[in-house]
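Here's the structure, in structure tokens; my notes come after.
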Amino acid sequence: MPELPEVETMARELAPRVVGRTITAFHTDWPRAIRHPDPGDFAAGVAGREVLDVARRAKWLVLSLTDDAAMIIQVKMTGQLFVVSPETGGDRHVHHVFALSDGMELRIRDTRKFGRLGLYRRNEAGRVLGADEAVELFAGHGPEPLDPSFTLAAFRKRLRARRGRLKPLLLDQSFVAGIGNIYADEALWLARLHPLRRADSLTPAAERRLYRAIRSVLIEAIERRGSSIDDYTSLDGDGQMQHHLRVYGRIGRPCHRCRRPIRRIVLGARGTHFCSWCQRLPASQRGLATATLLRSPRTGARRD
DNA sequence: ACGCCTACCTGCTTGC
DNA sequence: TGCAAGCAGGTAGGCG
């Protein structure tokens, strides 16, 4: 499940393999993944361009190419990157292949085909312009939680402007960019805050705990090269953060603080893991929690 | 602003 | 055993 730490790891490990190389050809067997422009223009647009830089914005990879071009790779749920020689065996889940001038191939493997590719332009400031070039591609994203400009004061201001619950809020990319289901749960546990807690109900001390928790869990996960759960792996192999998670995937196992079992609820169609002892809801908000959790599960056929 | 829904996908797990 | 529903979740878009 690539989130900020996983995509950051991919960017760091991809860079030394592709920067300075020119893309000589592109082939895909899943053109629906190409969001902009159309697949033929994408292939023609990347061919002949050199990779100048690899960066990350939110959970997106940004490859700066010559001629002010910017290629975007969204790995989403199951995207994996490999840089290998053309003789290396692949499988049916490799959908996109870039041939590189050093004879290697950048391959994108994506079991569930949720990943997206796009080719855009960069302006003078290095910002990526959207499809119509009137708005930046990342205009709708919130701040980068590890950027120096993301201060406690700035976080407080954003938090107090919201009335929703903490878990869905942390997953909202326009609130803070890059947090996904795993690190939202981990940050809330670290901050000792219930996932259903209202964002504007935090004490100043709790706001500071959450701010620090978000940053520390993301930093730790980057140091461990991400959580290799299900499909995620990076170019240098699996990350190690999955062995250090405090709540995610630990249903029924003891809380690292109080030894009581970790619980799982479903919130906004997302599995939510927490310690109901360490992460208590104020009495005034418990009615809200009950109403939410008792709401009937969704029905309706998922297949047609 | 907010919550909720659906769609996109495939492979693994679960239940009958 | 075999089949199929259920589930996993990042993101976009729609609705009320």
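Applying the 4.0 Å criterion to OP1 and OP2 of B:dC9, one finds that A:His93 has every side-chain N and O outside that range. The shortest distance between the side-chain N/O atoms of A:Arg116 and the OP1/OP2 oxygens of B:dC8 is not below 4.0 Å. Phosphate contact (OP1/OP2 of B:dC8, side-chain N/O of A:Lys113, threshold under 4.0 Å): absent.
Look at the P atom in both C:dC3 and B:dC9: the space between them is 26 Å, to the nearest Å. B:dG11 sits 23 Å from C:dT1 when the P atoms are compared, rounded to a whole Å.
The distance from atom CE of A:Met77 to atom P of B:dA7 is 18 Å, rounded to the nearest whole Å.
The pair A:Arg17-A:Glu13 does not meet the salt-bridge criterion, since no charged nitrogen lies less than 4.0 angstrom from a carboxylate oxygen. Using a cutoff of 4.0 Å between basic side-chain nitrogens and carboxylate oxygens, A:Asp185 and A:Lys167 are scored as salt-bridged.
Judged by a 6.0 Å distance limit and a 45° cone about the ring axis, A:Arg192 is not positioned over the six-membered ring of A:Trp189.
Using a 4.5 Å cut-off on side-chain heavy atoms (C-beta onward), A:Val97 and A:Phe82 make no contact.
A:His96 NE2 to A:Ile34 CD1: the interatomic distance, rounded to the nearest 0.5 Å, is 6.5 Å.
Between C:dG10, B:dC9, C:dA12, one nucleotide has an atom nearer to the side chain of A:Arg35 than all others, and that is C:dA12.
Consecutive Watson-Crick or G-U pairs involving DNA chain B, each under 3.5 Å on both distances, make up stems of three or more pairs at B:2-8 with C:10-16, B:10-16 with C:2-8.
Linking Ile, Leu, Val, Met, Phe, Trp and Tyr whenever their side-chain heavy atoms come within less than 4.5 Å puts A:Val247 and A:Leu169 in one cluster.
Among the heavy atoms of the strands, none lies under 4.0 Å from A:Phe138.
Between the side chain of A:Arg270 and the base of C:dG10 there is at least one donor-acceptor pair of N/O atoms closer than 3.5 Å.
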